[in-house]
Amino acid sequence: MIKEEGEIWGFNEGCLSIPDVREDVYRHEQITISYLDEHFIEKTTVFDGLIARVIQHEYDHIEGILFTDLISSLKKQLIKKKLQNIMEGKARPDYRMRFCNKKGR
């Protein structure tokens, strides 16, 4: 990610990694990224709007950041029980999930 710019706007985000949890996350409306295409040719592209948001969300995953890391402490407290249930394998989403064992694998 080369640049994030423009207005910061909120959008109710969720993630398959965190089922049944959605919160408003604030991100820049425009990003510039540099990447290698399928032929390993370097490209630089500007994205805006919803696709910029999706790219930022997925880029955060690469950096080890979840959308819940970007919400306020108060909001985290409000969803604490849901997050605990997910960590304990008690979540029952409409899609298949794999839970880590106690060794973190």
Side-chain angles (χ1 to χ4, degrees):
M1 183 122 20
I2 296 172
K3 191 173 9 176
E4 297 172 296
E5 58 190 339
E7 189 174 327
I8 295 176
W9 59 290
F11 188 82
N12 196 256
E13 288 189 25
C15 184
L16 293 174
S17 303
I18 309 172
D20 301 323
V21 176
R22 299 189 66 79
E23 289 295 335
D24 287 342
V25 177
Y26 294 84
R27 299 184 186 274
H28 287 90
E29 68 180 343
Q30 187 177 74
I31 60 168
T32 304
I33 63 171
S34 179
Y35 60 96
L36 300 177
D37 71 10
E38 68 273 16
H39 304 290
F40 299 100
I41 298 170
E42 187 170 352
K43 307 274 181 151
T44 300
T45 307
V46 176
F47 295 94
D48 61 9
L50 193 55
I51 189 66
R53 175 171 294 278
V54 170
I55 292 168
Q56 289 172 85
H57 177 105
E58 296 305 328
Y59 185 83
D60 281 349
H61 280 297
I62 293 168
E63 296 294 311
I65 299 167
L66 297 173
F67 81 94
T68 53
D69 296 326
L70 304 177
I71 62 176
S72 71
S73 297
L74 175 61
K75 295 251 183 178
K76 286 180 189 176
Q77 284 299 315
L78 294 173
I79 63 171
K80 185 176 182 178
K81 182 66 176 168
K82 284 184 177 181
L83 296 176
Q84 187 66 38
N85 285 341
I86 294 166
M87 287 176 25
E88 293 173 1
K90 296 177 184 174
R92 297 290 172 242
D94 294 338
Y95 48 90
R96 189 171 174 202
M97 285 191 73
R98 181 175 175 205
F99 296 99
C100 294
N101 63 21
K102 293 182 180 182
K103 293 180 182 176
R105 297 183 195 263

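All residue numbers in this chain count up from 1 along the given sequence. Since the structure is predicted, the reported quantities are computational estimates derived from the model, not experimental observations.
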> Do the side chain of Lys43 and the main chain of Asp37 share a donor and acceptor less than 3.5 angstrom apart?
Replying inline: no

> Just by distance, do the side chain of Gln56 and the backbone of His28 share a donor-acceptor pair under 3.5 Å?
Replying inline: yes

Is the shortest side-chain heavy-atom distance between [X] and [Y] below 4.5 Å?
X: Ile79; Y: Ile71; answer: yes
X: Asp20; Y: Asn85; answer: no
X: Arg27; Y: Glu4; answer: no
X: Phe67; Y: Val21; answer: yes

How long is the gap from [atom1] on [X] to [atom2] on [Y], to the nearest 0.5 Å?
X: Lys3; Y: Ile33; atom1: NZ; atom2: CD1; answer: 13.5 Å
X: Asp69; Y: Asp60; atom1: CG; atom2: CG; answer: 8.5 Å
X: Thr45; Y: Ile51; atom1: OG1; atom2: CD1; answer: 11.0 Å
X: Glu23; Y: Ile18; atom1: CD; atom2: CD1; answer: 10.5 Å
X: Ile41; Y: Tyr35; atom1: CD1; atom2: OH; answer: 10.5 Å
X: Glu7; Y: Asp48; atom1: CD; atom2: CG; answer: 12.5 Å

Check [X] against [Y] and note the closest heavy-atom contact, atom names and distance.
X: Leu36; Y: Phe40; result: CD2-O, 4.0 Å
X: His57; Y: Gly14; result: CE1-O, 3.4 Å
X: Gly6; Y: Glu29; result: CA-OE2, 3.6 Å
X: Arg22; Y: Asn12; result: NH2-O, 2.6 Å

> What about Leu78 and Tyr26, same hydrophobic cluster or not, with Ile/Leu/Val/Met/Phe/Trp/Tyr joined at side-chain heavy-atom distances under 4.5 Å?
Replying inline: no

> Do Val25 and Met1 sit in the same hydrophobic cluster, where Ile, Leu, Val, Met, Phe, Trp and Tyr count as joined when their side-chain heavy atoms come under 4.5 Å apart?
Replying inline: no

> Does atom NZ of Lys76 have more than 12 heavy-atom neighbours, drawn from other residues, nucleotides or ligands, at distances under 6.0 Å?
Replying inline: yes

>> Please evaluate residues Phe47 and Val54 with respect to the criterion side chain to side chain contact (heavy atoms under 4.5 Å, CB included), reporting the C-alpha separation (whole Å), side-chain torsions for both, the decisive distance (0.1 Å), and the verdict.
In response: CA-CA 10 Å; Phe47 295 94; Val54 170; over 6 Å; no

> Listed by chain and number, what are the side chain to side chain contact (heavy atoms under 4.5 Å, CB included) partners of Ser34, not counting sequence neighbours?
Replying inline: Ile2, Glu42, Thr44

